[in-house]
Asks: 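Here's a structure for you.
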Amino acid sequence: MSIATSGLHHVTAIAGDPQRNADFYLRALGLRLVKTTANFDDPGTYHLYYGDAAGRPGSLITFFPRPDAESGRHGTGQATCTAFSVPEGSIGWWRRHLAEQGIESEPVQERDGEEVLGLRDPDGLRLELVAHPQPDPREPWDGLVPAEHAVRGLHSVALSVTEEDATAEMLRGLGIDFTAQQGERLRFAAGDGGPGTLVDVVVAPREPEGLVAAGTVHHVAWRAPDEAAQLAWREELVGGGVDVTEIRDRQYFRSIYFREPGGTLLEIATDEPGFTADEPLLELGRALKLPPWLEPDREQIRRALPRLDLPAENNPGA
Ligand code: ZN
């Protein structure tokens with residue numbers, strides 16, 4: 001057996017104020033808050049998950065927000081851009097929508113057949129909305145952005161590296177293959193090669209080293225179909241000399257973590273059990289959910305977390 005991920009599972013980044021973070025991803029990007037929980041490794045702070053209606057793998061961006069977080073710096077050894085897939089023909093709608101929300105966006109670029117609109121979230125995290133020529137069949141969340149224009153899920157991430165060879169070799173080892181080059185940007189794809197399977201390795205030897213803090217990506221997770229595949233893949237990585245963590249229970253998936261040679265922290269996360277493991281689909285995101293091992297500390301954790309106001313559209317009919 002050898003590793004062949006089918007695509008991105010989620011991207012996790014660091015943010016400042018949690019309310020500002022939620023307002024941006026729900027109201028401006030039109031995603032759904034699919035889980036409100038604590039950071040299992042730092043339970044006095046939130047872990048917020050945004051995605052499609054059910055928080056399916058490949059639709060997810062998650063944040064560790066803390067109001068007192070220091071700002072990070074984009075640079076090498078990091079995922080320096082997270083791109084979301086939007087329908088062809090929707091980029092003009094998005095420019096107007098973002099402007100109405102008071103959010104600046106960059107001039108639209110055309111990159112190898114794709115239309116790309118760059119912007120930043122309130123903490124400075126670099127994002128792109130990308131219209132890929134291959135139609136994206138994923139069903140969007142019909143929330144605060146009309147379904148015809150809404151984000152379909154993740155499109156890609158860009159990893160900045162000083163040197164590409166070792167990173168490329170590790171990606172190949174995960175079943176993510178080189179497909180195209182545009183200048184200093186090397187595109188790799190997993191699975192079917194459509195939106196949600198892509199990673200761009202950007203060779204930037206003169207860029208400063210990144211600093212992971214607010215406004216930067218913490219790690220990028222790839223999909224494993226189940227726990228058996230994850231265990232087999234872990235053994236394969238260990239056999240290849242990669243320093244991999246033990247399997248961790250993240251309640252909504254199981255995870256292992258390791259660094260690619262360029263410096264970015266990667267994760268392999270299982271598709272199961274998903275976000276309806278501890279609350280019904282209609283109620284996703286509405287209440288603070290904690291894993292069994294943190295339940296005894298619920299009151300203390302709740303008191304440490306600032307209150308979050310969510311738009312009613314996040315839980316229609318609930
Ligand atoms: Zn993760």
Asks: Of the non-hydrogen atoms in Trp94 and Ala150, which two are nearest, and what is the gap between them?
Replies: CZ2-CA, 4.3 Å

Asks: Determine whether Glu163 and Val203 make a side-chain contact, defined as any pair of heavy atoms from C-beta on separated by less than 4.5 Å.
Replies: no

Asks: Grouping I, L, V, M, F, W and Y whenever their side-chain heavy atoms are under 4.5 Å apart, do Leu119 and Tyr50 come out in a common cluster?
Replies: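 Yes: a chain of side-chain contacts under 4.5 Å links Leu119 to Tyr50.
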
Asks: Quick one: do Ser160 and Gln78 satisfy side chain to side chain donor-acceptor pair (under 3.5 Å)? Show the steps, please.
Replies: CA-CA 6 Å; Ser160 288; Gln78 254 184 9; over 6 Å; no

Asks: Less than 4.5 Å apart, side chain to side chain, heavy atoms only: is that true for Leu154 and Phe84?
Replies: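 Yes; the side chains approach each other to less than 4.5 Å.
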
Asks: Is the closest basic N to carboxylate O distance between Asp41 and Arg250 below 4.0 Å?
Replies: yes

Asks: Ile176 and Thr5: which non-hydrogen atoms are nearest, and at how many Å?
Replies: CG1-CG2, 3.7 Å

Asks: Using atom types as modelled and distance alone, determine if a side-chain donor or acceptor of Arg298 lies under 3.5 Å from a backbone N or O of Leu288.
Replies: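 A pair under 3.5 Å: yes.
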
Asks: Is there a donor-acceptor contact under 3.5 Å from the side chain of Lys35 to the main chain of Lys289?
Replies: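 Answer holds: no.
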
Asks: Working to the nearest 0.5 Å, report the span between CD1 of Ile247 and CD of Glu227.
Replies: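 Going from CD1 on Ile247 over to CD on Glu227, the span is 7.0 Å.
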
Asks: Do Arg234 and Glu246 meet the salt-bridge criterion of a basic N to acidic O distance under 4.0 Å?
Replies: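 Answer for the salt bridge query: yes.
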
Asks: With a 3.5 Å distance limit and no angle check, can you tell me whether His97 reaches the backbone of Ala28 through a side-chain donor-acceptor pair?
Replies: yes

Asks: Answer yes or no: is there an ion pair linking Asp177 with Arg172, defined by an N-O contact shorter than 4.0 Å?
Replies: no

Asks: Spell out, as yes or no, whether a donor-acceptor pair under 3.5 Å connects the side chain of Gln181 to the backbone of Glu184.
Replies: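 No; zero donor-acceptor contacts below 3.5 Å.
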
Asks: Distance-only, no hydrogens or angles: does the Gln251 side chain make a donor-acceptor pair with backbone N or O of Leu290 under 3.5 Å?
Replies: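 Pair absent, no side-chain N/O of Gln251 close to backbone of Leu290.
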
Asks: With rounding to the nearest 0.5 angstrom, report the CG to CG distance, Asp142 to Asp52.
Replies: 12.0 Å

Asks: Inspect the contact between Asp112 and Arg185 and indicate whether a charged nitrogen and a carboxylate oxygen are less than 4.0 angstrom apart.
Replies: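 Salt bridge absent between Arg185 and Asp112.
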
Asks: Would you find a donor on one side and an acceptor on the other, under 3.5 Å apart, between the side chain of Glu128 and the backbone of Cys81?
Replies: no

Asks: If you look at every heavy atom in Pro306 and Pro18, which pair is closest and at what distance?
Replies: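 That would be CG-CG, 3.8 Å.
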
Asks: Check the pair Arg138, Ser85 against side-chain contact (heavy atoms from CB on, under 4.5 Å), reporting the backbone distance first and the verdict last.
Replies: CA-CA 10 Å; Arg138 295 176 291 177; Ser85 170; 3.8 Å; yes

Asks: To the nearest 0.5 Å, tell me how far Asp121 CG sits from Thr82 OG1.
Replies: 9.5 Å

Asks: From Asp278 CG over to Glu283 CD, what is the distance, rounded to the nearest 0.5 angstrom?
Replies: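 Asp278 CG to Glu283 CD: 11.0 Å, rounded to 0.5 Å.
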
Asks: Out of curiosity, does Leu284 fall in the hydrophobic cluster containing Leu144 (side-chain heavy atoms, cut-off under 4.5 Å, transitive links)?
Replies: no

Asks: When you check the gap from the basic side-chain N to the acidic O, do Glu114 and Arg111 get nearer than 4.0 Å?
Replies: no

Asks: Does some side-chain heavy atom of Val86 sit less than 4.5 Å from a side-chain heavy atom of Val151?
Replies: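 Yes; the side chains approach each other to less than 4.5 Å.
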
Asks: Using side-chain heavy atoms (C-beta onward) and a distance below 4.5 Å, is Leu308 in contact with Leu48?
Replies: yes

Asks: Between Glu164 and Leu186 (side chain of the first, backbone of the second, donor and acceptor by atom type, cut-off under 3.5 Å), is there such a pair?
Replies: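 Between the backbone of Leu186 and the side chain of Glu164 there is no qualifying donor-acceptor contact (under 3.5 Å).
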
Asks: Calculate, to the nearest 0.5 Å, the distance between atoms CD and NE2 belonging to Glu115 and His132 respectively.
Replies: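 Here the rounded value is 13.0 Å.
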
Asks: Looking at Glu279 and Gly285, would you say the former's side chain and the latter's main chain have a donor-acceptor pair under 3.5 Å?
Replies: yes

Asks: Sort out for me which residue in Asp42, Thr45, Asp17, Asn39 forms a side-chain hydrogen bond (donor to acceptor under 3.5 Å, both in side chains) with Arg66.
Replies: Asp42

Asks: Testing Val220, Ile61, Val217, Thr62 for side chain to side chain contact (heavy atoms under 4.5 Å, CB included) with Thr12, which one passes?
Replies: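 Among Val220, Ile61, Val217, Thr62, the one that satisfies the side chain to side chain contact (heavy atoms under 4.5 Å, CB included) with Thr12 is Thr62.
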
Asks: Under 4.5 Å between any side-chain heavy atoms of Leu127 and Leu29, yes or no?
Replies: yes

Asks: Can you give me the closest heavy-atom contact between Gly51 and Trp141, atom names plus distance?
Replies: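 Minimum heavy-atom contact is O-CB, 4.3 Å.
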
Asks: Answer yes or no: are there more than 12 heavy-atom neighbours, outside Glu313 itself, under 6.0 Å from its atom CD?
Replies: yes

Asks: Should the pair Phe188 and Phe178 be assigned to parallel (<30°), tilted (30 to 60°) or perpendicular (>60°) ring geometry?
Replies: perpendicular

Asks: Take atom CD in Glu70; do more than 12 heavy atoms of anything else shown fall under 6.0 Å from it?
Replies: no

Asks: Flag yes if Leu231 and Leu174 sit in one hydrophobic cluster, no otherwise; membership is Ile, Leu, Val, Met, Phe, Trp, Tyr, and two members link when side-chain heavy atoms are under 4.5 Å apart.
Replies: yes

Asks: With side-chain contact (heavy atoms from CB on, under 4.5 Å) as the test, would you mind laying out the steps for Leu60 and Phe275 before giving the verdict?
Replies: CA-CA 11 Å; Leu60 299 161; Phe275 290 92; 3.6 Å; yes

Asks: Given 3.5 Å as the limit, does a donor-acceptor pair link the side chain of Thr162 with the main chain of Pro205, or not?
Replies: no

Asks: Ignoring hydrogens and geometry, is there a side-chain-to-backbone donor-acceptor pair from Thr179 to Arg187 under 3.5 Å?
Replies: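 Side chain of Thr179 to backbone of Arg187: a pair is present.
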
Asks: Test Gln182 against Asp200 for side-chain contact (heavy atoms from CB on, under 4.5 Å), laying out the working first.
Replies: CA-CA 10 Å; Gln182 212 193 20; Asp200 289 344; over 6 Å; no

Asks: Would you call the rings of Trp93 and His149 parallel, tilted or perpendicular, where under 30° means parallel and over 60° means perpendicular?
Replies: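 Parallel.
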
Asks: Angle class for the Phe64/His219 ring planes (parallel below 30°, perpendicular above 60°, tilted otherwise)?
Replies: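 Correct class here is tilted.
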
Asks: State, to 0.1 Å, how close Pro225 and Trp233 come at their nearest heavy-atom pair, and which atoms those are.
Replies: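 The pair with the smallest heavy-atom distance is CD-CH2, 3.9 Å.
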
Asks: Hydrophobic clusters here meaning ILVMFWY residues chained together by side-chain heavy-atom distances under 4.5 Å, can you tell me if Leu171 and Val244 are in one?
Replies: yes

Asks: At what distance, to the nearest 0.5 angstrom, does OG1 of Thr216 lie from CZ of Arg126?
Replies: 11.0 Å

Asks: Please walk me through it: do Val157 and Val199 pass side-chain contact (heavy atoms from CB on, under 4.5 Å)?
Replies: CA-CA 5 Å; Val157 292; Val199 53; 3.8 Å; yes

Asks: Taking the side chain as everything from C-beta on, heavy atoms only, tell me whether Asp249 gets closer than 4.5 Å to Phe40.
Replies: no

Asks: Can you give me the closest heavy-atom contact between Leu282 and Arg32, atom names plus distance?
Replies: O-NH2, 3.1 Å

Asks: Can you tell if the side chain of His10 reaches within under 4.5 Å of the side chain of Glu267, non-hydrogen atoms only?
Replies: yes

Asks: Would you call Arg223 and Asp271 a salt bridge, taking side-chain N to carboxylate O under 4.0 Å as the test?
Replies: yes

Asks: What class does the angle between the rings of Tyr49 and Tyr252 fall in, given that below 30° is parallel, 30 to 60° is tilted and above 60° is perpendicular?
Replies: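 Perpendicular, since the angle between the ring planes exceeds 60°.
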
Asks: Same cluster or not: Val201 versus Val242, using hydrophobic residues (I, L, V, M, F, W, Y) connected whenever any side-chain heavy atoms lie under 4.5 Å apart?
Replies: yes

Asks: Decide yes or no for Asp243 and Arg259: does some side-chain heavy atom of the first lie under 4.5 Å from some side-chain heavy atom of the second?
Replies: no

Asks: Taking the hydrophobic residues Ile, Leu, Val, Met, Phe, Trp and Tyr, and joining any pair whose side-chain heavy atoms are under 4.5 Å apart, which ones share a cluster with Val130?
Replies: Val116

